[in-house]
Trainee: 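Structure in structure tokens, see below.
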Number of protein chains: 4
Amino acid sequence: MAEPRFRRRKEDRPAEITAAALAEFSDKGYDAARVDDVAKRAGVSKGLLYLYFRTKEELFKAVVRSFVSPRIQALENGIRDTELSAEAFLRGPFLEFAKQIPKSPVRVLVRLIIAEGPKYPDLTKYYWDNVVTHGLSAIRQLIARGVRNGEFKASALDEFPQMLVAPVLFSVVWTSVFSKQHSLDSDRFIETNLEIILSAIRDTA
Amino acid sequence: MAEPRFRRRKEDRPAEITAAALAEFSDKGYDAARVDDVAKRAGVSKGLLYLYFRTKEELFKAVVRSFVSPRIQALENGIRDTELSAEAFLRGPFLEFAKQIPKSPVRVLVRLIIAEGPKYPDLTKYYWDNVVTHGLSAIRQLIARGVRNGEFKASALDEFPQMLVAPVLFSVVWTSVFSKQHSLDSDRFIETNLEIILSAIRDTA
Amino acid sequence: MAEPRFRRRKEDRPAEITAAALAEFSDKGYDAARVDDVAKRAGVSKGLLYLYFRTKEELFKAVVRSFVSPRIQALENGIRDTELSAEAFLRGPFLEFAKQIPKSPVRVLVRLIIAEGPKYPDLTKYYWDNVVTHGLSAIRQLIARGVRNGEFKASALDEFPQMLVAPVLFSVVWTSVFSKQHSLDSDRFIETNLEIILSAIRDTA
Amino acid sequence: MAEPRFRRRKEDRPAEITAAALAEFSDKGYDAARVDDVAKRAGVSKGLLYLYFRTKEELFKAVVRSFVSPRIQALENGIRDTELSAEAFLRGPFLEFAKQIPKSPVRVLVRLIIAEGPKYPDLTKYYWDNVVTHGLSAIRQLIARGVRNGEFKASALDEFPQMLVAPVLFSVVWTSVFSKQHSLDSDRFIETNLEIILSAIRDTA
DNA sequence: TATGAATGAGATTTCATTCAT
DNA sequence: TATGAATGAAATCTCATTCAT
């Protein structure tokens with residue numbers, strides 16, 4: 001035929017497909033999302049999708065990989081490179097980071113991990129290895145730094161850095177599940193929790 | 001012949017079936033759980049199951065109803081009838097209640113609601129109406145009582161009673177998803193969170 | 001217990017059940033009619049129904065038997081015993097008989113025979129033996145009598161007594177199938193057909 | 001290996017499947033016909049069948065559409081375009097058309113409409129809209145033409161064009177139901193009926 | 001690469017029939 | 001007799017995956 005249609009570059013394909021998959025999973029959940037619809041949304045044939053991702057499960061994993069990991073990476077880098085005090089970092093960049101999660105598309109992935117994780121052990125492992133441990137150890141370092149330079153006293157937070165994460169997870173879940181019933185002001189909820197924790201660990205001696 | 005092909009136990013059946021369903025949902029999740037297996041586990045034919053529960057969804061709702069509602073009821077009654085001070089109640093019965101949730105079978109249901117809720121709006125509504133609002137309003141009353149009699153000062157907790165729930169939800173999710181990777185001491189996690197919150201709202205003026 | 005409830009007499013049971021079955025079949029068709037509903041409508045337990053009729057098919061046959069045969073019997077007797085002329089009988093009792101069929105509950109059975117007959121050969125045979133041949137031979141006799149006493153000339157009707165039946169069957173089918181689309185004045189339709197046939201066979205020589 | 005597991009023949013599939021469905025419906029009736037068997041008979045997997053016809057009911061409709069509609073169309077066109085007199089058309093093309101119906105596969109569909117119509121209202125509506133009204137109005141036009149040009153006198157046939165159809169329906173039903181008991185000479189039956197009607201409406205003034 | 005027609009295992013649900021009570 | 005709880009075979013429909021083109 002005379003005129004070759006515009007073709008997206010091959011390198012973009014996987015990203016386009018995972019983006020479409022995230023959208024489908026978000027709308028329907030993992031099981032109910034049909035591979036057919038993912039392909040359609042990505043503007044690609046089913047066969048091609050299977051060329052890039054060998055199974056639906058593989059596709060799911062790729063979605064998690066491509067959307068969650070970068071965020072955590074960013075947090076880690078931020079903590080490593082910052083010149084702010086620990087408290088200033090928590091009130092600034094960390095809070096910012098935490099507040100946007102319940103509003104971003106990633107929140108869907110958190111729900112999916114909760115929902116499907118038990119069924120896909122190696123996905124859970126991947127998530128643990130690449131997301132949870134990284135995030136947690138970054139937070140731990142930040143707190144340790146705060147203790148070292150006299151901002152914070154030794155406290156339960158040393159043992160349970162998860163305390164800073166719990167309100168975020170709660171907001172994500174609440175927002176995902178009860179959006180029709182109630183709207184939580186997740187910004188203030190997360191902020192308030194942070195303040196309470198800070199006031200409990202600040203070294204006021 | 002020794003054993004009759006079936007027995008008539010109309011009264012026990014529903015409970016036996018919901019128990020089997022909880023177990024099966026717990027192992028596989030809602031979608032992956034097969035009605036056939038639920039029936040088998042209950043020692044009952046598929047047909048009989050459908051005599052008591054008209055659809056798989058109906059069965060799911062019945063499971064929620066029979067396992068979650070009673071617990072919340074108990075909490076509500078406890079708060080209504082207690083003669084303890086607000087703080088004493090939080091440190092005593094409430095903490096007890098909160099701590100056992102991540103260990104009890106109900107924890108599975110919490111995960112299921114998170115996982116399947118968006119797909120079954122009326123289940124979510126049921127859960128909201130019968131579990132969340134009851135639980136929340138009971139907690140709110142307890143806090144209000146504490147404020148009224150001078151134990152607590154006015155605080156963010158008045159607006160966000162969810163703060164007392166977030167660590168519990170976090171523990172449930174963590175335990176459900178990462179049981180293979182890490183074991184959270186959920187008792188101490190929940191306790192610690194409670195202590196921090198209490199120290200922040202105690203009226204020390 | 002003190003007061004024995006009123007109990008219908010045992011002899012009536014089968015009739016009550018076939019009546020209920022006719023009603024159910026009429027509403028739903030044979031396949032879609034549920035034995036459970038027939039029993040419920042008859043005010044009887046499913047078990048008892050199966051005591052009287054060993055299978056659903058048996059029940060179906062009994063319904064045909066009890067509702068159709070008596071009518072044909074009546075027609076036969078009428079033709080045998082009448083003192084009317086052939087034409088007078090056709091315009092009188094026969095027409096009356098023919099006109100009420102599309103309006104009576106029996107019309108359902110005609111439709112059922114058409115629908116299910118091919119699936120139940122022995123039911124078809126029963127219907128043939130007990131309904132069709134009787135009816136047809138009665139009509140044939142009537143016509144022969146008319147020819148014998150000079151009312152009618154020899155005609156195609158001798159060979160095809162079905163010609164008198166076709167409009168009735170047509171009315172039954174039309175009424176059963178297209179009741180929502182169109183209402184046929186079956187009385188006049190049947191009457192008109194009869195008149196045309198009569199005018200064609202009347203011996204006016 | 002010799003023969004590929006499947007072939008792609010998008011265009012032919014629907015026709016192959018409806019043909020198989022007609023055969024299967026003819027043997028078993030609508031309800032008793034299993035989709036699986038239809039597929040098998042068409043040499044196709046169940047899944048593919050559902051790719052072309054979204055439900056069993058849809059398949060049924062397609063069968064009606066593809067087999068009945070064309071015939072009626074042909075009749076309509078014949079009546080519109082003919083240069084024959086009304087009587088000549090009735091004795092010629094119309095009679096031909098009428099006589100072959102009880103012998104053609106379409107006869108099965110007529111029986112199916114009678115059997116299943118009441119359960120599938122929109123199928124009945126489709127049949128009414130696309131078959132019955134077309135056929136009837138064509139016949140009506142033919143008769144009106146005959147009256148206009150002095151062949152026929154005004155008669156009951158103006159009101160009841162169904163009179164020309166009743167013998168055909170009767171033949172179809174008889175043939176379908178009582179094939180084992182009796183063989184009706186449907187050609188002569190239909191012919192005779194037509195003659196009688198013609199003799200009654202011919203304008204001999 | 002790219003397509004989408006084709007497959008087939010499997011899931012939910014229904015209902016005639018049985019049988020302990 | 002009479003009940004209705006219990007069975008289990010089957011039927012429709014879905015969808016991840018394959019593969020001829």
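Within every chain, numbering begins at 1; the chains are lettered A, B, ... in the order of the sequence lines, protein sequences first and strands thereafter. Because only heavy atoms are used, hydrogens play no part in the values below, and waters and symmetry mates are left out as well, while side chains stay in.
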Trainee: Counting heavy atoms from C-beta on, name the nucleotide in dT13(E), dA2(F), dT17(F) closest to the side chain of T55(A).
Mentor: dT17(F)
Trainee: Decide if the gap between the ring center of Y120(C) and the ring center of Y30(C) is smaller than 6.0 angstrom.
Mentor: yes
Trainee: Which is true for K46(C) with a 4.0 Å heavy-atom rule: it touches a base, it touches only sugar-phosphate, or it touches nothing?
Mentor: base
Trainee: Take the protein atom CG of D37(B) and the nucleotide atom P of dT12(E), then report the distance between them rounded to whole Å.
Mentor: 9 Å
Trainee: Roughly how many Å is it from NZ in K28(B) to P in dG10(E), rounded to a whole number?
Mentor: 13 Å
Trainee: Checking all strands, does A33(B) fall into the base, sugar-phosphate, or nothing category for heavy-atom contacts under 4.0 angstrom?
Mentor: sugar-phosphate
Trainee: Regarding R13(C) and the six-membered ring of Y52(C), is the cationic atom NZ or CZ under 6.0 Å from the ring centre and inside 45° of its axis?
Mentor: no
Trainee: Closest approach to the side chain of V35(D), judged atom by atom: which nucleotide of dT1(E), dA6(E), dT12(F) is it?
Mentor: dT12(F)
Trainee: Can you tell me if R13(C) touches the phosphate of dA2(F), counting only side-chain N or O atoms and a distance under 4.0 Å to OP1 or OP2?
Mentor: yes
Trainee: Under 4.0 Å between any heavy atoms, over every strand shown, what does F53(D) touch: base, sugar-phosphate, or nothing? Just pick one.
Mentor: nothing
Trainee: In Watson-Crick or G-U wobble terms, both distances under 3.5 Å, what is the partner of dA6(E)?
Mentor: dT17(F)
Trainee: Take the protein atom CG of L51(C) and the nucleotide atom C1' of dT21(E), then report the distance between them rounded to whole Å.
Mentor: 15 Å
Trainee: When the distance from CG of D36(B) to P of dA11(F) is rounded to whole Å, what number comes out?
Mentor: 17 Å
Trainee: Can a donor-acceptor pair be found, under 3.5 Å and without considering hydrogens, that links the side chain of T124(D) to the backbone of G117(D)?
Mentor: yes
Trainee: Using whole Å, report how far CD of E24(D) lies from P of dA11(F).
Mentor: 11 Å
Trainee: Can you tell which of dA6(F), dT17(F), dT17(E) lies closest to the side chain of Y50(A)?
Mentor: dT17(F)
Trainee: Name the residue closer to the 5' end of DNA chain E, choosing between L49(D) and Y30(B) according to the nucleotide with the nearest heavy atom.
Mentor: L49(D)
Trainee: Identify which nucleotide among dA11(F), dT1(E), dT17(F) has an atom closest to any side-chain atom of L48(A), counting heavy atoms from C-beta outward.
Mentor: dT1(E)
Trainee: Nearest nucleotide by nearest heavy atom, which residue falls closer to the 5' end of DNA chain F, E57(A) or G47(B)?
Mentor: G47(B)
Trainee: Side chain of S45(D): nearest nucleotide among dA6(E), dT17(E), dG4(E)?
Mentor: dA6(E)
Trainee: Output yes when at least one side-chain N/O atom of Y52(D) is less than 4.0 Å from OP1 or OP2 of dA6(E), else no.
Mentor: yes
Trainee: In whole angstrom, what separates D31(D)'s CG from dA11(F)'s C1'?
Mentor: 11 Å
Trainee: Between D31(A) and K56(A) (salt bridge meaning N to carboxylate O under 4.0 Å), is one present in this structure?
Mentor: no
Trainee: Just so I know, are the side chains of D37(B) and R41(B) near enough to count as touching, which here means a heavy-atom distance under 4.5 Å?
Mentor: no
Trainee: Let me know the distance between CD of E16(A) and C1' of dA2(E), rounded to the nearest Å.
Mentor: 15 Å
Trainee: How far apart are the closest heavy atoms of K28(C) and K119(D), and which atoms are they?
Mentor: O-CD, 3.3 Å
Trainee: Output the rounded distance in Å from CD (E58(C)) to P (dT17(E)).
Mentor: 10 Å
